[in-house]
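Notes follow the structure.
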Amino acid sequence: MTTLPSKLYIGFLRLPLLIRILVMAILVFLSFGISIHLLEPQTFPTIFDGIWWAIITASTVGYGDYVPHSFLGRLTTLILILLGVGLVSSYFGTLAAAAVTKQDALSEGLIPFKGNGHIIIIGWNERSKELISKLTSVNLPPTIVLIDETLEANPVKSRFVHFIQGKGHVDDTIMKSDIEKAQKVLITADRGNDELQADMNSILTLLTIKGLCPQVKCIIEILTAEQVQNALRAGADEVIQSNKLTSVFMINSLHANGDGLLSKIIHQLQESRLSTYSVKETDIGKCFKEVSLELFTRGYLLIGIRRGEETFLNPSHSLELEEDDQLLTFK
């Protein structure tokens, strides 16, 4: 049968090394502080004075406000210096080593993220790099969790970006991102692979995320038009066809005589945000032109209406708004 002292000793050994050294140092300070008070009560009137002297002596600060005069007192001081300095240096050395180890683990993506309302971005590439740069450049940037299996360390030097090293379609990796408290997830395509293979990997990652946390909003980048429906079947809340967007730029450049007008417009809109708002009850039945003028005076540019599955850009000015319409605006 295990005795109480044995249980305490085993429990002590299970503590982290840093805590064990700290406990031992405190016991040494208490023991020598009480001892010096008992040996020289006139020099050290209270136990607190003795503990104060023990800490100052062991840390080699040595204020000199309390100095033992007897032989036993000085012998006690020598023992404290030999024993205490070793404990204090070991404690701070262990503390520094633990801090460096944790910092290295954080940089290498080995530490799970704990938080809420964050944005998860899966895949490191030029698109995610530009996106993270934009998100972290605002006054109140959101917390971003970057997941990638190819990186060896966090590529972004920002306290708002937490890096997790691993594959996006592995449960353990996704759980490290605190997925249940995330605001949104963006899955970017790996253009280093064949386009079909890249889409299959992205959809597999989407299935993993939705299997662990069905309610989180997922935005996925798809390269091939054939896989768009599969992404929607897998639970994607929004699908971005990046190749289709690129072709729109190319067609516009061919028809615009090379003046790059569309690129310039998109560059201007980078600082703006496209938002949707439900039509207010007081605006139901009003025409598009009337609501557009009202929003314009408040700094919003109304560009269209979303009605069900259809989207009308620059509709007829006489179009009347209905109850479930969504207003598409720029600010």
Side-chain angles (χ1 to χ4, degrees), residues 106-107 109-149 151 154-190 199 201-222 228 230-242 245 266 269-278 300 306 311 324 326-331:
L106 182 65
S107 176
L110 303 178
I111 296 181
F113 174 80
K114 296 296 181 184
N116 57 75
H118 52 289
I119 298 174
I120 301 174
I121 298 178
I122 300 178
W124 176 251
N125 45 60
E126 286 300 319
R127 299 172 315 285
S128 56
K129 179 180 178 181
E130 180 69 16
L131 176 60
I132 292 174
S133 176
K134 291 291 183 184
L135 290 174
T136 55
S137 62
V138 298
N139 292 331
L140 295 174
T143 302
I144 300 170
V145 176
L146 173 64
I147 299 177
D148 187 86
E149 62 175 305
L151 296 172
N154 191 342
V156 183
K157 304 303 179 184
S158 172
R159 63 187 181 92
F160 298 103
V161 179
H162 184 100
F163 170 58
I164 295 177
Q165 207 283 338
K167 298 180 180 180
H169 58 267
V170 176
D171 287 9
D172 289 342
T173 303
I174 297 300
M175 292 304 295
K176 287 181 180 179
S177 67
D178 211 353
I179 185 69
E180 294 183 352
K181 299 177 183 177
Q183 179 185 0
K184 292 180 182 178
V185 179
L186 173 63
I187 305 171
T188 63
D190 181 7
D199 286 345
N201 290 339
S202 297
I203 293 174
L204 180 59
T205 300
L206 175 64
L207 286 170
T208 302
I209 294 171
K210 285 295 185 179
L212 293 172
C213 186
Q215 71 273 16
V216 68
K217 183 176 181 180
C218 290
I219 305 169
I220 183 172
E221 179 188 12
I222 293 294
V228 172
N230 287 334
L232 293 173
R233 292 189 189 103
D237 297 279
E238 185 176 344
V239 176
I240 299 175
Q241 293 180 256
S242 55
L245 294 174
I266 294 298
L269 294 177
Q270 283 184 354
E271 305 304 325
S272 303
R273 291 190 178 182
L274 177 63
S275 304
T276 59
Y277 297 94
S278 299
Y300 292 89
R306 185 173 182 180
T311 301
D324 295 326
Q326 296 286 320
L327 305 181
L328 308 181
T329 63
F330 271 115
K331 182 174 177 61

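Because the structure is predicted, anything quoted here is derived from the model rather than measured. We number each residue from 1, following the sequence as shown.
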Review point. Do I132 and V161 touch side chain to side chain, with heavy atoms closer than 4.5 Å?
Key: yes

Point to revise | Side-chain heavy atoms of P155 within contact of W124, under 4.5 Å | key: yes

Point to revise | Spacing of C218 atom SG and I209 atom CD1 [to the nearest 0.5 Å] | key: 5.0 Å

Review point. Which pairs, with at least one residue in residues 173-186 and sequence neighbours excluded, count as a side chain to side chain donor-acceptor pair (under 3.5 Å)?
Key: none

Check your understanding: Considering all heavy atoms of both residues, which atom of A231 and which atom of V239 are nearest to each other, and what is their separation?
Key -> CB-CG2, 4.0 Å

Practice item. Before giving the answer on side chain to side chain contact (heavy atoms under 4.5 Å, CB included), spell out for L140 and V138 the whole-Å C-alpha distance, their side-chain angles and the decisive distance to 0.1 Å. Key: CA-CA 6 Å; L140 295 174; V138 298; 5.6 Å; no

**Study point:** Contacts of type side-chain contact (heavy atoms from CB on, under 4.5 Å), residue A189, not counting sequence neighbours
**Key:** R127, S202, E221, L223

Review point. Do V145 and I121 have side chains that get closer than 4.5 Å, going by heavy atoms?
Key: no

Exercise for review: Specify the closest pair of heavy atoms between I120 and A182, including all atoms of both residues, with the distance to one decimal.
Suggested key: CD1-CB, 3.7 Å

Check your understanding: Which pairs pass side chain to side chain donor-acceptor pair (under 3.5 Å) with one or both residues in residues 209-220, sequence neighbours excluded?
Key -> K210-D237

**Study point:** Residues that S278 engages under side-chain contact (heavy atoms from CB on, under 4.5 Å), provided they are two or more places apart
**Key:** Q326

**Study point:** Test item: I220 and I222 side chains (from C-beta on) under 4.5 Å apart, heavy atoms
**Key:** yes

Practice item. Looking only at non-hydrogen atoms, find the nearest pair between T188 and N125 and report the distance. Key: OG1-ND2, 3.0 Å

**Study point:** Value rounded to 0.5 Å, distance of CG in L186 from CD1 in I219
**Key:** 6.0 Å

Check your understanding: Does some side-chain heavy atom of D148 sit less than 4.5 Å from a side-chain heavy atom of F163?
Key -> yes

Practice item. Could you go through the side chain to side chain contact (heavy atoms under 4.5 Å, CB included) check for T329 and T276 one step at a time? Key: CA-CA 6 Å; T329 63; T276 59; over 6 Å; no

Point to revise | Under the side-chain contact (heavy atoms from CB on, under 4.5 Å) test, residues paired with D171 that sit two or more places apart | key: T208, L212

Point to revise | Nearest heavy-atom neighbours spanning V216 and C213 | key: CG1-O, 3.2 Å

Review point. Between I122 and G168, what is the shortest heavy-atom contact and its length?
Key: CG2-CA, 4.4 Å

**Study point:** Which residues share a side-chain contact (heavy atoms from CB on, under 4.5 Å) with L204, sequence neighbours left out
**Key:** H169

Check your understanding: What pair of heavy atoms forms the shortest contact from G123 to L146, and how long is it?
Key -> O-CD1, 3.9 Å

